[in-house]
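Here's the structure we're looking at; comments come further down.
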Amino acid sequence: MTIIETLQNAVVRAVEQLYGETFEPGKVQINTTPAEFTGDYTVVIFPFVKIAKKAPDAAGAEIGGFLQENVPEVQGFNTIKGFLNLELGTAYWQHFLQTALSDTGFGRQPRNGRKVMVEYSSPNTNKPLHLGHVRNCLLGWSCSRILDAAGYDVVKTQIVNDRGVAICKSMLAWQKFAEGKTPGSTGIKGDHFVGDYYVLFENKTKEEYESWQQTPAAKALYAEKHKPDQPEKDFFKEYKNKWFNDHSRLGAEVRDMLLRWEAGDPDTVALWQQMNNWVYAGFDETYAKLGVAFDKLYYESDTYLLGKDIVDDGLQKGAFFRKEDGSVWVDLTDAGYDQKVVLRADGTSVYITQDLGTARMRYHDFNCEKMVYVVADEQNYHFIVLFEVLKRLGEPYADGLHHLSYGLVELPTGRMKTREGTVVDADDLIDEVVNLAWENARERDTELTDVDPAGRAEDIRRIGLGALKFYMTKVNPRKKMIFNPEESVDLQGQTGPYIQYSHVRINGLMQRVEKEGVDLAPAKNYTAYRPEEKELLKALHEYPNTVLAAAREYDPSHIANYCYNLAKSYHRFWHELSIFNADSAQAKAFRLVLSRAVGQALKSGMELLGIEMPERM
RNA sequence: GGCUCCGUAGCUUAAUGGAUAGAGCAUCUGACUACGGAUCAGAAGGUUAGAGGUUCGAGUCCUCUCGGAGUCACCA
């Protein structure tokens with residue numbers, strides 16, 4: 001039982017005895033006491049005022065008195081304006097510190113035997129990963145780690161969008177123009193290699209379209225179809241999709257290729273596998289650099305026909321209905337949404353059919369009671385519909401579905417656009433932040449460069465990536481993010497390196513403890529806490545609660561902000577108090593023990609964000 | 001237009017319905033010849049977009065208005 005639960009229960013007993021009313025323990029509000037008041041935890045008294053028929057402070061004093069008498073941990077209290085501030089005794093804090101230190105899993109909940117699947121990244125195989133995938137991957141990875149720490153068994157997965165017209169474009173361009181070149185022969189990373197042919201296809205198509213616009217047929221079409229005052233340029237911009245479907249030679253070839261792929265034509269399938277394998281090799285490299293991984297991969301080429309049995313199921317249960325043309329629909333108008341098609345008239349699947357089928361398949365594969373989809377907020381509506389439909393079908397996991405929706409990453413110049421070349425490539429970005437960390441390190445210190453070059457390089461990599469990862473996880477996922485390249489590699493202030501630095505400081509202390517064989521036992525006799533010590537201790541104490549809150553809300557930014565606050569308290573503590581030169585052996589031992597526990601929590605918290613700690617910086 | 005999300009200091013942001021809205025960046029002023037200054041202390045900067053309402057108490061909940069984004073495909 002946590003201290004908060006202990007206090008809640010005790011308050012319920014107090015109210016029962018004093019005023020003869022029962023209350024639900026969960027309804028008792030207990031907050032950490034703000035720094036400007038004395039106390040550790042604060043009970044909000046207002047809800048009891050009516051029952052007590054007393055002024056807030058009088059009721060608070062009575063409840064406080066009861067708690068002090070009946071709860072051993074409560075040593076003192078004061079009431080101010082309806083808030084009952086409770087002070088916990090040093091025995092409690094000493095015990096807590098010892099537990100936090102010896103418990104290697106401090107902040108981790110015991111296994112709860114429940115399984116959750118987290119889907120993230122889910123790239124297309126026709127181009128490399130970009131900045132948006134980086135946010136997605138960091139959120140997905142972090143969310144997985146947090147759920148794991150909260151006691152769940154987590155299955156990390158991605159669904160690879162490996163089929164469709166996009167990859168066929170790359171394939172066709174490669175076939176026509178590559179003259180047998182490969183990533184191996186050119187030295188280009190596989191995903192970039194394939195992406196280049198996708199771009200080439202788009203460029204060739206553009207050329208074809210522009211020359212087509214000069215033909216008499218095109219001119220006649222414009223003359224006949226354009227809206228009043230519409231310039232030729234605008235007309236043809238609008239017409240592009242229709243042109244691609246009706247007139248383009250490349251368009252015809254690419255559709256032909258897709259048909260051959262669907263028919264299982266061996267040559268086409270072989271080429272498709274070849275090119276996707278190049279891409280996967282590239283992705284693996286990027287994922288490794290980012291420090292993320294997956295337990296199970298699903299491929300859209302395997303899943304894109306799924307879901308038809310669910311459609312039958314839905315028809316039988318009356319959740320779906322069939323229109324005259326044979327298409328199948330779900331009517332969500334009673335819930336304030338639209339009617340959505342779930343199966344085309346020709347019997348083929350649409351996007352949501354596939355997702356319905358995939359959800360059921362995953363449930364059968366892993367028996368997950370929860371599934372988290374890390375997908376950008378563009379698809380909010382899709383997931384509302386998907387979850388609603390699964391609920392109406394009575395799927396057993398329907399209540400455990402969560403869309404971890406995050407805002408798009410934009411540049412200061414606006415939204416990223418492939419066509420305008422404003423996409424920030426993931427590999428470039430990672431290299432860039434590490435380079436900047438190098439530059440910065442060289443300016444700082446020359447002493448560290450001559451020892452252990454390999455360890456030094458690894459530390460710098462951790463610092464650069466730490467800056468990037470913290471920058472991207474510290475904001476609430478829901479918020480649209482303006483990616484400012486300069487701020488993302490800041491190393492001062494509310495940043496990853498700020499936190500890493502506090503850990504490095506602690507490391508330094510611990511090495512000295514080791515070297516000098518400092519006796520830490522006197523720590524338990526130290527009780528006269530200084531404000532900086534108490535603040536730090538209280539901050540440390542909040543770690544397990546923070547992990548639980550982050551898991552409950554699927555929100556890594558709670559962890560990021562917590563780590564920052566803890567590091568901030570530590571820096572202040574460090575600056576205000578002498579550790580090795582403390583007044584007494586007890587104070588010295590206590591501060592060292594506290595430092596060690598804080599170091600462990602910081603390391604553990606940052607690990608939840610996928611951030612590693614450097615040895616030195 | 002319907003639906004969803006967002007709007008907090010110049011900028012980036014925090015705050016299970018609780019106390020004087022908390023940080024960082026940028027600006028200005030300071031800090032021990034001491035455990036590492038990627039640090040610390042301080043100043044300045046806020047009508048939480050606006051107006052009503054609910055509540056003992058609202059940045060947070062409700063209604064309306066304004067501004068921004070997304071979505072409203074038999075695309076994925």
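Predicted model only: the values in this text are computed from it and were never measured. Letters A, B, ... are given to chains in the order of the sequence lines, protein chains preceding strands, and every chain is numbered from 1.
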Relative to each other, are the rings of Tyr304(A) and Trp261(A) parallel, tilted or perpendicular (30° and 60° limits)?
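It falls in the tilted class, 30° to 60°.
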Once you measure the plane-to-plane angle for Tyr373(A) and Phe387(A), does it fall in the parallel (<30°), tilted (30-60°) or perpendicular (>60°) bin?
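Because their plane-to-plane angle lies in the 30° to 60° range, the rings of Tyr373(A) and Phe387(A) count as tilted.
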In whole Å, measure the gap between the [atom1] atoms of [N] and [M] for me.
N: A23(B); M: G42(B); atom1: C1'; result: 15 Å
N: A31(B); M: C61(B); atom1: P; result: 46 Å
N: A44(B); M: G10(B); atom1: C1'; result: 13 Å

Can you tell whether the side chains of Glu542(A) and Lys538(A) come within less than 4.0 Å, N to carboxylate O?
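Lys538(A) and Glu542(A): not salt-bridged.
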Do NZ/NE/NH1/NH2 and the carboxylate oxygens of Glu576(A) and Arg530(A) come within less than 4.0 Å?
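No, this pair does not count.
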Does Lys568(A) make a side-chain N or O approach to OP1 or OP2 of G24(B) shorter than 4.0 Å?
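Indeed, a polar side-chain atom of Lys568(A) lies that close.
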Does Arg572(A) place a side-chain N or O at less than 4.0 Å from the phosphate oxygens OP1/OP2 of A41(B)?
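Yes.
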Is it the case that C74(B) (base atoms only) and Asp325(A) (side chain only) share a donor and an acceptor within less than 3.5 Å, ignoring hydrogens and angles?
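Donor-acceptor pair under 3.5 Å: yes.
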Hey, does the Lys NZ or Arg CZ of Arg135(A) hover above the aromatic six-ring of Tyr406(A), less than 6.0 Å from the centre and inside 45° of the axis?
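The answer is no; the distance or angle limit is not met.
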Do Phe573(A) and Tyr570(A) have ring centroids that are under 6.0 Å from one another?
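Tyr570(A) vs Phe573(A): aromatic centres under 6.0 Å.
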Looking only at the aromatic ring of each residue, does the gap between the centers of Phe23(A) and Phe48(A) stay below 6.0 angstrom?
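Close enough - the centres of the two rings lie under 6.0 Å apart.
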Looking at RNA chain B, which of residues 30-44 of chain A put a heavy atom within less than 4.0 Å of it?
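Hits under 4.0 Å, by residue number: Ile30(A), Asn31(A), Pro34(A), Phe37(A), Thr42(A), Val44(A).
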Can you check the Lys480(A) NZ to C11(B) P distance for me, whole Å?
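After rounding, the gap between these two atoms is 14 Å.
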Any chance you could encode RNA chain B as dot-bracket? Rule is Watson-Crick or G-U wobble with both distances under 3.5 Å; [ ] for pairs crossing earlier ones, | for another strand.
(((((((..((((....[...)))).(((((.......))))).....(((((..]....))))))))))))....
Could you work out, with ring pair (Phe, Tyr, Trp, His ring centres under 6.0 Å) as the rule, every residue matching Phe244(A), not counting sequence neighbours?
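Per chain and number, Phe244(A) pairs via ring pair (Phe, Tyr, Trp, His ring centres under 6.0 Å) with no residue.
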